[in-house]
Amino acid sequence: MHCELILGGARSGKSRHAETLAAASGLAVTVIATATAGDAEMAARIRRHQADRPAGWRTVEAPLALAAALRAEAAADRCVVVDCLTLWLANLLAGAEKLPEPAEADQLPLFRQERAALLAVLGSLPGRVLLVANEVGLGLVPETPLGRLFRDEAGRLNQAVAAICPRVTFVAAGLPLVLKGS
């Protein structure tokens with residue numbers, strides 16, 4: 001198993017880097033998409049991502065059950081691209097705004113279950129897995145408690161995934177910088 005976490009900011013080139021690695025792998029490629037088209041602008045973004053991918057690549061949508069999708073799709077002869085962990089996390093945090101203060105993500109059963117399932121499965125997957133995520137902790141401190149909860153959980157998730165993956169790359173301005181691994 002070769003697992004790599006690819007981090008970067010918005011429009012940093014992280015998805016393009018993952019797609020370049022997947023294409024160069026020589027393996028069949030499956031993209032696990034976590035985004036949902038909640039509005040017209042997001043639907044247009046999803047269509048643009050789909051149009052940019054090679055025609056032979058499969059796409060599987062997994063806005064919540066990412067660990068199950070990875071178990072089903074990972075194979076010795078396949079490269080799986082997860083795009084992206086940050087949108088998946090946002091999906092899992094739905095309902096957090098209704099939690100009593102101070103809100104803790106672990107109060108959400110789906111979040112707790114799915115995050116644990118992902119971290120448990122990552123080290124045992126066959127083939128190559130490329131996980132794309134946003135590094136959201138480099139900007140301003142969010143104004144709202146929900147924004148701060150999201151930022152904190154994104155950072156915690158990235159750290160946990162980075163600890164499991166033998167390779168971690170940070171992408172800025174389209175340039176990959178290897179943080180861990182060779």
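Heads up: numbering here begins at 1 and tracks the sequence. Worth saying up front: this structure is predicted, and the values here are computed from it rather than measured.
In terms of the side-chain hydrogen bond (donor to acceptor under 3.5 Å, both in side chains) criterion, R47 has no residue partners (sequence neighbours excluded). Listed by chain and number, the residues in a side-chain hydrogen bond (donor to acceptor under 3.5 Å, both in side chains) with S15 are D83 (sequence neighbours excluded). For R45, the salt bridge (Lys or Arg N to Asp or Glu O under 4.0 Å) partners are E41, not counting sequence neighbours. With sequence neighbours left out, R148 forms a side-chain contact (heavy atoms from CB on, under 4.5 Å) with V141, P142, P145, R151. With sequence neighbours excluded, the residues satisfying side-chain contact (heavy atoms from CB on, under 4.5 Å) with S25 are L27, C79, R128. Not counting sequence neighbours, the partners of R156 by the salt bridge (Lys or Arg N to Asp or Glu O under 4.0 Å) test are E153.
L89 and L130 are assigned to two separate hydrophobic clusters, defined by single-linkage of ILVMFWY side chains at heavy-atom distances under 4.5 Å. One hydrophobic cluster, built from ILVMFWY side chains closer than 4.5 Å, holds both L5 and L70. Following chains of ILVMFWY side-chain contacts shorter than 4.5 Å, one cannot reach V29 starting from L66, and the two form parts of different hydrophobic clusters. Hydrophobic clustering, with ILVMFWY side chains joined whenever heavy atoms are under 4.5 angstrom apart, groups V161 together with L93.
Nearest heavy-atom pair, L131 versus C3, reported as atom, atom and distance to 0.1 Å: CD1-SG, 3.5 Å. What you find for A76 and P126 is that their closest heavy atoms are N-CB, 3.8 Å. When every heavy atom of W88 is checked against every heavy atom of A62, the shortest pair comes out as CD1-O, 4.2 Å. Listed here is the closest heavy atom pair of I6 and K14: CG2-O, 3.8 Å. Summarising the geometry of L99 relative to A103, their closest heavy-atom pair is CB-CB, 3.9 Å, with the distance given to 0.1 Å.
Formation of a donor-acceptor pair under 3.5 Å by the D77 side chain with backbone atoms of G127 is not found in this model. A donor-acceptor pair under 3.5 Å links the side-chain atoms of T34 to the main chain of C84, judged by distance alone.
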Please report, to 0.1 Å, the donor-acceptor pairs under 3.5 Å made by any side chain of residues 54-61, with sequence neighbours excluded.
residue	atom	partner	partner atom	Å
R58	NH1	T30	OG1	3.3
R58	NH1	E73	OE1	2.5
T59	OG1	R53	NH1	3.3

May I have the list of side-chain donor-acceptor pairs in residues 162-182 shorter than 3.5 Å, sequence neighbours left out?
residue	atom	partner	partner atom	Å
R167	NE	E4	OE1	3.4
R167	NE	E4	OE2	3.3
R167	NH1	S182	O	2.2
T169	OG1	E4	OE2	2.6
K180	NZ	A162	O	2.7
K180	NZ	A163	O	3.4
K180	NZ	C165	O	2.8

Show the numbers, then the answer: is there a side-chain contact (heavy atoms from CB on, under 4.5 Å) between L92 and L64? CA-CA 6 Å; L92 292 178; L64 296 172; 3.8 Å; yes
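With a 4.5 Å cut-off on side-chain heavy atoms, V132 and V82 do not count as touching. Residues I32 and V81 form no side-chain contact, since every pair of their non-hydrogen atoms from C-beta on lies 4.5 Å or further apart. The shortest side-chain heavy-atom distance between V80 and R78 falls under the 4.5 Å cut-off. In this structure the side chain of N134 never reaches within 4.5 angstrom of the side chain of L7, judged on heavy atoms.
Listed by first and then second residue, the salt bridge (charged side-chain N to carboxylate O under 4.0 Å, His left out) pairs involving residues 15-27 amount to none (not counting sequence neighbours). Note on residues 95-106: no pairs pass side-chain hydrogen bond (donor to acceptor under 3.5 Å, both in side chains), not counting sequence neighbours.
Here the CG atom belonging to L119 is positioned 5.0 Å from the CZ atom belonging to R115, to the nearest 0.5 angstrom. Taking CG of L157 as the start and CG of D152 as the end, the distance is 12.5 Å to the nearest 0.5 Å.
As a member of the Ile/Leu/Val/Met/Phe/Trp/Tyr network built from side-chain separations under 4.5 Å, L149 groups with L146. With a 4.5 Å cut-off between side-chain heavy atoms of Ile, Leu, Val, Met, Phe, Trp and Tyr, the cluster of M42 takes in I46, L87.
Counting non-hydrogen atoms of other residues, nucleotides and ligands closer than 6.0 Å to CG of L138 gives a total above 12.
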